[in-house]
Amino acid sequence: MKFGVIVFPGSNCDQDAYYAVRDVLKEPVEYIWHQEHDLKGVDCVIVPGGFSYGDYLRTGAVARFSPVMEAVKEHTDKGGYAIGICNGFQILCEAHLLPGALVSNDCLKFVCKYVQLTPANLNTPWTNQCKNGQVLNIPIAHQGGNFVCDQETLKRIEDNGQVILRYCDEAGRVTPEANPNGSLNNIAGVINERGNVAGMMPHPERAVEKILGSADGLNILRSVIEWARR
Amino acid sequence: MLIKEPGSKTVSKNTEPIAPEVYREMGLIDSEYQKIVEVLGRHPTYTEVGMYSVMWSEHCGYKYSRPILRLFKKYKEALEGEGLENAGVIDIGDGYGIVMKMETHNHPSAVEPFQGAATGVGGILRDIFTMGARPIACLNSLRFGPLDDAHNRYLFENVVAGIAHYGNCVGVPTIAGEVVFDDCYSGNCLVNAMSAGIVRIDDIASACAKGVGNSVLYVGSSTGCDGIHGATFASVELGPDSENRRPNVQIGDPFQEKLLIEATIEALKTGFVVGIQDMGAAGITCSTCETSAKAGTGMEIDVLKVPRRQSDMTPYEVMLSESQERMLAIVEKGHEDDVAAVFKKWGLNAVVIGHVTDDGLVHVWEGDQLVAEVPAKSLADDAPTYYLETEEPEYLKEVRCFDLTKIPEPADYNEALEKLLGSPSIASKEWVYRQYDHMVQTNTAILPGADAAALRIRGTKKAIALVCDCNGRYCYLDPFVGAQIAVAEAARNLACVGAKALGVTDCVSFGNPEKPQVFWQFKRAIEGMAEACEAFDTPVISGNVSFYNETPETAIYPTPVVGMLGLIEDADKHCTPEFKREGDVVALLTGRRITKDSESDPGFCAVNDLGGSEYLKVMHNVVAGQPPALDIEAEKRLHTCLIEAISSNLLSSAHDCSDGGLAVALAESSIGGKLGVEASIVADCSASVALFGEAQSRAVISLPPDKLGELGELVEKHAIECTILGKVQGDRFKIDVNGVTVIDREVEQITRVWKNAIPERMEGRA
């Protein structure tokens with residue numbers, strides 16, 4: 001599967017995503033500059049973390065207007081895969097490719113730490129390599145990862161199985177204490193209705209090797225490769 | 001005004017003298033002004049006197065510290081030759097070098113903590129990537145007054161937020177640091193930012209303006225009126241009117257910095273960049289003079305070509321602005337567009353503002369008006385040097401004769417331990433480092449909270465470890481020994497993760513050097529540090545001096561912070577401080593050899609080891625005695641043994657035994673591992689000394705029982721001592737001293753105390 005990593009001015013997890021795909025997944029991968037109109041034929045777009053355009057206005061609010069996002073929209077409209085991680089999730093929400101929005105953490109501070117996640121729906125392109133009740137150890141690093149949406153949307157995405165990951169404790173229990181940022185229903189990741197677009201605040205690309213403390217992020221990244229192969 | 005005849009190389013008309021109150025306000029003294037007149041052979045212009053005043057400030061010119069810093073052999077090369085430029089480099093093999101430097105931003109942080117700290121990070125990062133290195137780590141060493149004071153909490157909160165704001169956005173992990181709280185830092189917070197970068201040894205960039213006719217390219221953010229005279233401000237004491245200095249503080253934009261990092265690394269790959277330097281302290285003045293002086297060339301620039309944030313800036317303001325995220329690049333003639341294109345791709349300014357000349361002079365034009373004509377070397381290298389008087393401070397006699405044997409035993413050792421664990425200097429710093437992105441770049445092999453952080457080096461088997469360290473209280477009691485201990489402890493921290501110390505960057509903060517007692521502290525501390533660095537074979541490759549860290553009420557403790565780099569040959573073989581599994585044996589490694597016939601205790605503490613301890617301060621509010629004795633040779637044997645034991649996979653955990661003594665070291669290993677311990681100490685000193693004394697050259701380790709034999713051989717080989725203390729087991733933290741159980745608490749309880757100490761003070765809740 002060919003991956004493409006978008007590079008906005010201010011992206012800072014682009015290289016991490018690139019290395020994870022190239023060196024660990026051993027799949028082909030290319031950088032795609034924010035002013036490109038063409039996605040170079042990639043199968044899966046990664047919208048990486050960072051501070052696109054400085055994020056001074058509102059996270060992701062400027063990036064959604066960049067030329068490359070037009071191309072990403074066309075790609076996903078045709079059923080192409082795309083995953084937004086951290087700032088990438090914020091951008092995909094701003095671009096209305098995903099439901100909901102991300103606001104400031106309830107503690108109002110940047111939080112960087114390993115968190116535990118449990119998959120909420122295994123039948124998606126992004127979680128099919130996870131197991132039921134599995135606890136994934138994957139880090140977060142954000143100041144605005146508090147997932148919100150209106151009640152109607154919440155009910156819809158929950159009913160549709162569009163919630164794919166929730167924050168949980170070490171035993172896999174979804175509790176308020178395990179929620180690091182105040183997200184509704186402990187939501188850490190969602191997909192669009194079709195399932196080909198995903199967004200998650202935790203960084204799977206940071207948990208791909210034992211030396212980094214965890215390789216659980218591979219469960220997410222390998223899922224899309226497996227899904228496309230089926 | 002200067003008038004330059006067409007075609008002539010000299011200034012034909014002299015200028016009026018500058019009024020003494022004007023140059024004094026800029027920080028120059030009368031004799032320095034006279035020296036400027038001598039150098040120029042005329043009176044300087046307003047712009048020129050401004051340029052001299054910043055370049056000859058202590059901050060840029062090291063006019064007081066230079067004679068003492070010559071004690072560092074490597075510094076000597078840096079100061080006298082062109083060996084080292086913006087930051088030093090250490091070769092780690094495989095064709096890679098590590099660049100590192102630490103710098104203070106104390107004064108700006110004291111008046112505007114958020115931006116002061118943020119721009120501290122920005123400045124140190126630019127020193128790294130102007131060498132052609134990609135920044136891979138940030139560290140910081142912070143000092144504040146006690147957290148029961150609202151202003152200290154404000155400073156702490158905003159300094160941490162400022163570091164997070166900048167470091168997180170630029171995508172460089174902040175992986176380690178230290179935070180210490182003490183009364184003497186009230187009103188004088190210390191904010192030291194350190195950064196390290198990686199560079200192919202063959203690709204190190206130069207900061208020389210070589211090649212007459214080459215173009216001078218201004219890149220990065222536009223120039224505004226922020227930070228004018230920042231370097232001068234850093235060279236005076238803080239006082240009641242320091243608040244008015246807020247306009248001297250620069251405003252940082254980490255987004256611009258991120259672009260500048262990527263663009264600079266890309267631009268250097270074009271091969272057309274001859275030299276490049278950050279515009280930090282003293283802005284365009286410093287970068288033009290230093291790059292010319294290093295190359296023995298001159299430079300001609302036009303301030304009208306400098307991109308500006310406001311239209312009405314004077315040449316003086318443009319030359320002295322310390323606006324952030326700017327660089328000066330010397331570009332091969334004819335290739336200006338190739339280099340500028342890279343910066344423009346990243347949305348940055350890239351404008352030719354002048355060219356390199358051969359006359360050794362920096363000419364500053366404002367259109368067709370010449371506003372300054374000064375010899376580059378006189379600004380960069382000829383700052384007046386002063387040999388200040390030294391005098392041993394009075395207070396030392398008093399603190400040294402304090403009778404430590406008179407300190408009573410605590411009523412309850414459990415409570416004493418909890419008081420220490422709840423002391424913000426010892427307590428968990430998770431509240432701080434959780435706000436920093438410490439994992440971006442996906443190299444962090446040892447996360448914050450360990451003795452040292454470690455980063456694997458992609459494409460090699462290796463990892464580097466980084467740490468910064470200093471105990472200001474020890475340095476107050478004896479600056480020589482205190483500074484040596486700072487070096488020893490940093491190296492010990494590295495050894496505890498399995499890394500061999502390779503080099504040092506120092507960042508030293510003191511009070512007003514014009515006071516002989518303060519200068520004595522400075523001199524003794526540098527002597528101690530230089531001696532220790534030589535003994536550990538860790539060259540000082542870069543550094544920074546900050547003076548005038550005092551208010552009318554207090555001066556800080558001498559605080560010579562050591563930043564140290566270590567190398568782990570096999571990244572997979574590193575060690576962390578927390579206990580790993582029940583049943584492991586817990587032992588104390590001591591870098592002392594106790595002879596078999598010795599009557600004394602097997603390597604625990606003597607009463608003198610309470611001198612300058614956290615225990616004495618926290619329990620009795622006493623800062624007295626002498627710092628613990630340090631035997632550098634014994635210390636080195638301990639480190640070698642630790643590194644060999646870790647690389648042979650013998651150890652489950654290793655943790656430096658320092659602030660708070662053995663009891664605190666054991667507690668931290670226990671808390672980190674969420675595992676209890678049962679330990680017995682046999683000592684011929686009081687229980688408080690055995691538990692809380694801070695004798696040097698010790699580490700708490702744990703290992704599987706079947707590895708004890710192999711460890712014994714290593715211990716024998718390196719002639720150090722290994723004392724079995726007990727076992728990792730259960731969920732209670734239990735210590736016996738001479739057969740009496742003095743500490744017995746649930747691990748969960750001491751964990752709460754240690755973890756909640758800072759959040760409770762900052763947020764009123766856990």
Side-chain angles (χ1 to χ4, degrees), chain A residues 7-20 22-24 31 33-35 48-57 59 62 86-87 105 107-115 138-144 170 177 180 202-215 217, chain B residues 134 157 160-161 163-175 253-263 345-348 430-449 454-456 458-459 461 463 570-574 576 674 759 762-763 765:
Chain A
V7 182
F8 295 105
S11 292
N12 65 26
C13 302
D14 47 343
Q15 297 173 17
D16 302 352
Y18 183 91
Y19 290 136
R22 189 193 70 182
D23 298 349
V24 184
Y31 289 118
W33 186 239
H34 67 119
Q35 282 166 336
F51 290 72
S52 51
Y53 301 92
D55 272 347
Y56 287 125
L57 173 60
T59 50
V62 177
C86 198
N87 190 224
N105 297 346
C107 66
L108 303 177
K109 286 189 163 66
F110 191 96
V111 179
C112 177
K113 63 174 184 179
Y114 266 97
V115 296
I138 296 180
I140 55 167
H142 60 249
Q143 187 149 11
E170 284 169 7
E177 292 74 32
H203 287 269
E205 84 284 10
R206 291 188 183 188
V208 291
E209 291 168 86
K210 194 172 147 265
I211 196 167
L212 301 174
S214 168
Chain B
R134 174 171 287 280
E157 170 100 38
V160 170
I163 291 169
H165 164 73
Y166 210 101
N168 295 348
C169 184
V170 295
V172 179
T174 302
I175 56 167
D253 179 353
F255 172 56
Q256 292 290 320
E257 180 100 341
K258 169 68 178 163
L259 303 180
L260 204 51
I261 293 175
E262 299 303 333
K345 172 190 150 194
W346 287 95
L348 296 164
E430 192 185 345
W431 184 89
V432 177
Y433 63 74
R434 212 178 57 185
Q435 298 185 52
Y436 304 149
D437 189 340
H438 43 261
M439 302 184 211
V440 66
Q441 296 191 8
T442 54
N443 291 319
T444 317
I446 301 180
L447 300 175
L455 299 170
R456 58 97 178 261
R458 267 179 213 279
K461 270 184 79 73
D570 181 347
D572 289 328
K573 289 176 183 165
H574 60 252
T576 52
K674 297 177 185 161
M762 294 307 291
E763 283 148 29
R765 64 181 170 89

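Note on naming: letters A, B, ... go to the chains in the order of the sequence lines (proteins, then strands), and numbering restarts at 1 for each one.
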Student: Check whether any side-chain heavy atom of B:Asp572 sits under 4.5 Å from a side-chain heavy atom of B:Arg456, and report yes or no.
Tutor: no
Student: Could you give me the CA-CA distance, side-chain angles and deciding distance for A:Val62 and A:Ser52, then say whether side-chain contact (heavy atoms from CB on, under 4.5 Å) is met?
Tutor: CA-CA 8 Å; A:Val62 177; A:Ser52 51; over 6 Å; no
Student: Given that the side chain runs from C-beta out, which part of A:Gln35 has a heavy atom under 4.5 Å from chain B: side chain, backbone, both or neither?
Tutor: neither
Student: Check each atom of B:Ile446 against the heavy atoms of chain A and say whether the ones under 4.5 Å are side chain, backbone, both or neither.
Tutor: neither
Student: State, to 0.1 Å, how close A:Pro9 and B:Leu259 come at their nearest heavy-atom pair, and which atoms those are.
Tutor: CB-CD2, 3.5 Å
Student: Let's test your reading of the structure: which of B:Ala445, B:Ala454, B:Cys169 forms the most heavy-atom pairs below 4.5 Å with chain A?
Tutor: B:Cys169
Student: Check the angle between the aromatic planes of A:Phe51 and A:Phe110 and answer parallel, tilted or perpendicular using the 30° and 60° thresholds.
Tutor: parallel
Student: Side chains of B:Leu260 and B:Trp346: does their closest heavy-atom pair fall under 4.5 Å?
Tutor: no
Student: Contact between B:Thr442 and B:Arg458 at the side-chain level, heavy atoms closer than 4.5 Å - yes or no?
Tutor: yes
Student: Return the option, out of A:Glu209, A:His142, A:His203, A:Gln143, with the maximum number of heavy-atom pairs under 4.5 Å with chain B.
Tutor: A:Glu209
Student: Would you mind telling me which of A:Asp14, A:Asp16, A:Val24 makes a side chain to side chain contact (heavy atoms under 4.5 Å, CB included) with A:Glu205?
Tutor: A:Asp16
Student: Among the options B:Val172, B:Leu447, B:Thr444, pick out the one with the most heavy-atom pairs lying under 4.5 Å from chain A.
Tutor: B:Thr444
Student: Using non-hydrogen atoms only, which part of B:Arg434 is less than 4.5 Å away from chain A: side chain, backbone, both, or neither?
Tutor: both
Student: Test B:Glu430 against A:Lys113 for salt bridge (charged side-chain N to carboxylate O under 4.0 Å, His left out), laying out the working first.
Tutor: CA-CA 10 Å; B:Glu430 192 185 345; A:Lys113 63 174 184 179; 5.7 Å; no
Student: Under a 4.5 Å heavy-atom cut-off, does chain A meet the side chain of B:Glu262, its backbone, both or neither?
Tutor: side chain
Student: With respect to chain A, which residue among B:Lys345, B:Gln435, B:Gln441 yields the maximal number of heavy-atom pairs within a distance under 4.5 Å?
Tutor: B:Gln435
Student: What part of B:Ala571 lies closer than 4.5 angstrom to a heavy atom of chain A: side chain, backbone, both or neither?
Tutor: both
Student: Checking A:Tyr114 against chain B: side chain, backbone, both or neither under 4.5 Å from a heavy atom?
Tutor: both
Student: Of the backbone (N, CA, C, O) and the side chain (C-beta and beyond), which part of A:Asp23 lies under 4.5 Å from a heavy atom of chain B, both, or neither?
Tutor: side chain
Student: Once the angle between the rings of A:Tyr53 and B:Phe255 is folded into 0 to 90°, is it parallel (under 30°), tilted (30 to 60°) or perpendicular (over 60°)?
Tutor: tilted
Student: Let me know if B:Val170 has heavy atoms under 4.5 Å from chain A in its side chain, its backbone, both or neither.
Tutor: backbone
Student: Could you check whether any side-chain heavy atom of A:Asn105 comes within less than 4.5 Å of a side-chain heavy atom of A:Pro180, counting everything from C-beta outward?
Tutor: no
Student: What part of B:Asp253 is in contact with chain A, defined as an atom under 4.5 angstrom from a non-hydrogen atom: side chain, backbone, both or neither?
Tutor: both
Student: Counting only heavy atoms closer than 4.5 Å, note whether B:Pro254 contacts chain A via side chain, backbone, both or neither.
Tutor: both
Student: What part of A:Lys109 is in contact with chain B, defined as an atom under 4.5 angstrom from a non-hydrogen atom: side chain, backbone, both or neither?
Tutor: side chain
Student: Among B:His165, B:Lys258, B:Met439, which has the most heavy-atom pairs under 4.5 Å with chain A?
Tutor: B:Met439
